[in-house]
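Keep in mind it's a predicted model, so treat the numbers as computed, not measured.
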Amino acid sequence: MPSTAPSTATSTPVASAATQSLASRARADGVRFILATFTTLSGKPCSKLVPVAAADELEAEGCGFAGYAAGAIGQVPTDPDLIAVPDVSSYTPLPSVREGLAMVQCDPHVNGVPHPFAPRVLLRKQIRRAAEHGLALSVGAEVEYFLVQRGADGTLRTADTADDADQPCYDARGLTRMYEHLTAVSDVMEQLGWGPYASDHEDGNGQFEQNFHYADALTTADRVTTLRYVIQMLAEQRGMVATFMPKPFTDRTGSGMHLHLSLWGAEGSPDGPGPRFPAGTEDDPYGLGLSSTGYGFVAGLLAHAPALQGLLASTVNSYKRTGATSTASGATWAPRSATYGGNDRTHLVRVPDANRVELRSGDGAGSAHLAVAAALGSGLDGVLRRLDPGAPGARPQGAPLLPRTLLDAVHLLEADPVVKGVLDAVDPTAGVADYYAQLKREEFYDWHSRVSAWEVDRYLTVV
């Protein structure tokens with residue numbers, strides 16, 4: 001991620017975007033239908049396909065959903081409609097997916113009030129909280145995924161059958177064979193003004209990563225949601241499945257979603273709009289170029305790292321990635337304890353330069369909005385309490401280990417008032433954290449109740 005000022009590029013000039021209606025923007029782009037989209041607590045994108053003829057109504061009144069049918073969004077069948085209210089600034093034309101198609105991200109409301117179970121609403125709350133302290137978060141995201149095909153028996157295989165090298169990372173030939181897919185995705189990002197800057201073959205056979213310029217926290221979370229949809233749809237057009245499952249193959253490196261985080265002065269901050277992480281004239285006790293604000297943010301991430309995993313690594317499969325002991329390439333690239341260091345990818349928090357820190361423990365199988373909200377809430381806690389991360393480097397005495405399973409992560413989340421408070425921040429009486437914890441407990445127990453091939457192999461004739 002470049003260490004320059006946050007990108008303000010949009011799909012249309014800023015001045016016109018601020019004044020144009022959703023309908024006029026769509027018609028100017030030749031859009032016929034708009035996906036009015038929100039995500040559940042599990043990260044599932046839910047949409048209605050709205051014709052442009054109804055775009056003014058969508059903008060004025062929102063779009064109704066039966067929330068319980070959508071999934072993990074905190075509703076029961078008897079609840080009133082969930083109304084998805086579009087954020088026109090998130091409007092994104094997607095002609096490469098389908099001619100005449102666009103998407104707009106929405107904030108779910110119930111009875112005229114922002115819904116406290118909606119990840120986008122929860123992220124907005126953390127952004128406002130940071131702004132109250134004169135701070136704004138910028139985020140860059142590394143989007144990793146596998147391109148696979150699924151056999152009739154359900155088994156997965158690499159979509160590119162020639163991608164079988166022992167060390168495929170950065171392989172030019174693997175990139176070239178997937179040229180049409182990778183460049184199609186990059187072209188979409190370029191057309192939208194996101195500033196794509198690299199596509200690369202990752203460490204596992206069939207694994208790729210695509211990057212775009214960083215932006216404010218809400219914009220980046222929206223773009224990750226949109227990009228995952230785009231990647232999946234464009235892969236499907238070429239007979240492939242793009243999966244963000246963290247560990248689809250036992251012997252290969254898993255897919256993460258590393259977040260690059262930096263604090264800036266919020267609009268109207270008395271100290272101005274500049275970056276808050278570089279030490280400047282401050283003393284730098286640990287030699288990484290960070291200010292006390294930067295070290296405090298790192299300390300907050302480390303202090304809450306075990307509980308954070310319940311939101312950053314939110315599936316049973318996530319812990320096959322973070323708990324891996326070896327892969328075909330010889331490295332897992334996934335942290336197992338709450339440590340930090342300089343330009344060293346073995347740590348949970350990497351500090352590549354004084355402008356940003358990289359949080360490496362999460363993956364892309366859950367809600368991007370929740371992951372960013374949790375990271376901001378935890379880092380901000382470290383800043384406000386002036387926490388000290390200690391010296392960087394090897395795991396210090398007492399540095400917490402990350403949870404080994406989703407169930408462990410749920411227990412840790414429930415015991416951490418800061419991370420739990422991110423979920424309960426919009427309405428402390430709504431019970432969002434308890435709902436989420438129960439949702440993930442049931443996910444773990446559902447997996448645990450299934451008999452696997454490993455169990456048959458191990459126990460069929462054990463006695």
Side-chain angles (χ1 to χ4, degrees), residues 36-46 62-68 70-76 78-87 89-90 104-137 139 216-222 224-225 259 266-267 300 304 307-308 310-312 314 362 366-381 383-384 410 413-440:
T37 303
F38 69 92
T39 59
T40 66
L41 286 167
S42 63
K44 172 191 171 185
C46 301
C63 189
F65 293 77
Y68 177 75
I73 199 70
Q75 286 206 311
V76 297
T78 56
D79 280 335
D81 275 2
L82 185 152
I83 306 299
V85 177
D87 179 349
S89 69
S90 72
V104 65
Q105 301 296 327
C106 300
D107 293 314
H109 287 59
V110 176
N111 291 330
V113 177
H115 192 43
F117 291 81
R120 201 171 191 270
V121 172
L122 291 169
L123 176 54
R124 281 191 183 276
K125 178 66 175 180
Q126 293 303 313
I127 292 170
R128 288 194 298 271
R129 180 167 170 256
E132 291 170 0
H133 297 281
L135 298 170
L137 181 71
V139 181
D216 66 274
L218 186 65
T219 296
T220 293
D222 285 346
V224 169
T225 300
L259 298 176
E267 184 176 352
H304 300 291
L308 268 175
L311 297 175
L312 299 180
S314 60
S367 165
H369 294 88
L370 270 189
V372 173
L376 176 53
S378 298
L380 190 60
D381 178 64
V383 172
L384 298 180
V410 168
L413 187 157
E414 290 181 299
D416 188 311
V418 170
V419 179
K420 189 176 180 182
V422 169
L423 292 169
D424 286 332
V426 173
D427 181 359
T429 68
V432 179
D434 291 341
Y435 173 90
Y436 181 85
Q438 184 60 25
L439 181 79
K440 291 300 168 181

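A donor-acceptor pair under 3.5 Å links the side-chain atoms of Tyr435 to the main chain of Gly74, judged by distance alone. A side-chain donor-acceptor contact under 3.5 Å links Gln75 to the backbone of Pro80.
Taking 4.5 Å as the limit, every side-chain heavy atom of Val372 sits out of range of all side-chain heavy atoms of Thr220. At least one side-chain heavy atom of Val410 sits under 4.5 Å from a side-chain heavy atom of Glu414. At a threshold of 4.5 Å between non-hydrogen side-chain atoms, the residues Cys46 and Thr37 do not count as touching. Inter-residue side-chain proximity for Leu413 and Leu423 is flagged as met; some heavy-atom pair is nearer than 4.5 Å. Contact annotation: the side chain of Ile83 never approaches that of Phe65 to less than 4.5 Å [non-hydrogen atoms, C-beta and beyond]. With a 4.5 Å cut-off on side-chain heavy atoms, Tyr436 and Ser314 count as touching. Side-chain atoms of Leu384 and Arg129, non-hydrogen and from C-beta on, do get closer than 4.5 Å to each other.
The line from CD1 of Ile127 to CG of Leu376 is 7.0 Å long, rounded to the nearest 0.5 Å. Here the straight-line distance linking atom CG of Leu312 with atom OG of Ser378 works out to 8.0 Å at 0.5 Å rounding. Rounding to the nearest 0.5 angstrom, the gap separating the CG atom in Leu380 from the CG atom in Leu137 is 9.5 Å. A distance of 12.0 Å separates CG in Leu41 from NE2 in His369, rounded to the nearest 0.5 Å.
A pairwise comparison of heavy atoms in Ser89 and Asp87 identifies OG-OD1, 2.6 Å as the closest pair. Between Ala70 and Thr40, the shortest heavy-atom contact is O-CG2, 3.9 Å. Annotation for Ser367 and Thr39: closest pair OG-OG1, 4.5 Å, computed over non-hydrogen atoms. What you find for Asp424 and Ala433 is that their closest heavy atoms are OD1-N, 3.0 Å. The nearest pair of heavy atoms linking Pro86 to Cys106 is CA-SG, 3.7 Å.
Asp81 meets the salt bridge (Lys or Arg N to Asp or Glu O under 4.0 Å) test with no other residue; sequence neighbours excluded. Applying the side-chain contact (heavy atoms from CB on, under 4.5 Å) rule to Val418 yields the partners His304, Asp381, Asp416; only residues at least two apart in sequence or on another chain are considered. In this structure Thr219 satisfies the side-chain contact (heavy atoms from CB on, under 4.5 Å) test together with Ala215, Asp216, Arg223, sequence neighbours excluded. Looking at residues two or more places apart in sequence or on another chain, you find a side-chain hydrogen bond (donor to acceptor under 3.5 Å, both in side chains) between Thr429 and Asp427. For Lys125, there are no salt bridge (Lys or Arg N to Asp or Glu O under 4.0 Å) partners at least two apart in sequence or on another chain.
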Chi angles and distances behind the side chain to side chain contact (heavy atoms under 4.5 Å, CB included) call for Ser90, Val104: CA-CA 5 Å; Ser90 72; Val104 65; 3.5 Å; yes

Are Leu218 and Leu123 close enough, and set up right, to give a side chain to side chain contact (heavy atoms under 4.5 Å, CB included), and what steps lead you there? CA-CA 7 Å; Leu218 186 65; Leu123 176 54; 3.9 Å; yes

Please list, one pair per line, the donor and acceptor atoms closer than 3.5 Å that link side chains of residues 108-117 to other protein atoms, with sequence neighbours excluded.
unit_1: His109; atom_1: ND1; unit_2: Asp107; atom_2: O; d: 2.9
unit_1: His115; atom_1: NE2; unit_2: Ile73; atom_2: O; d: 2.8

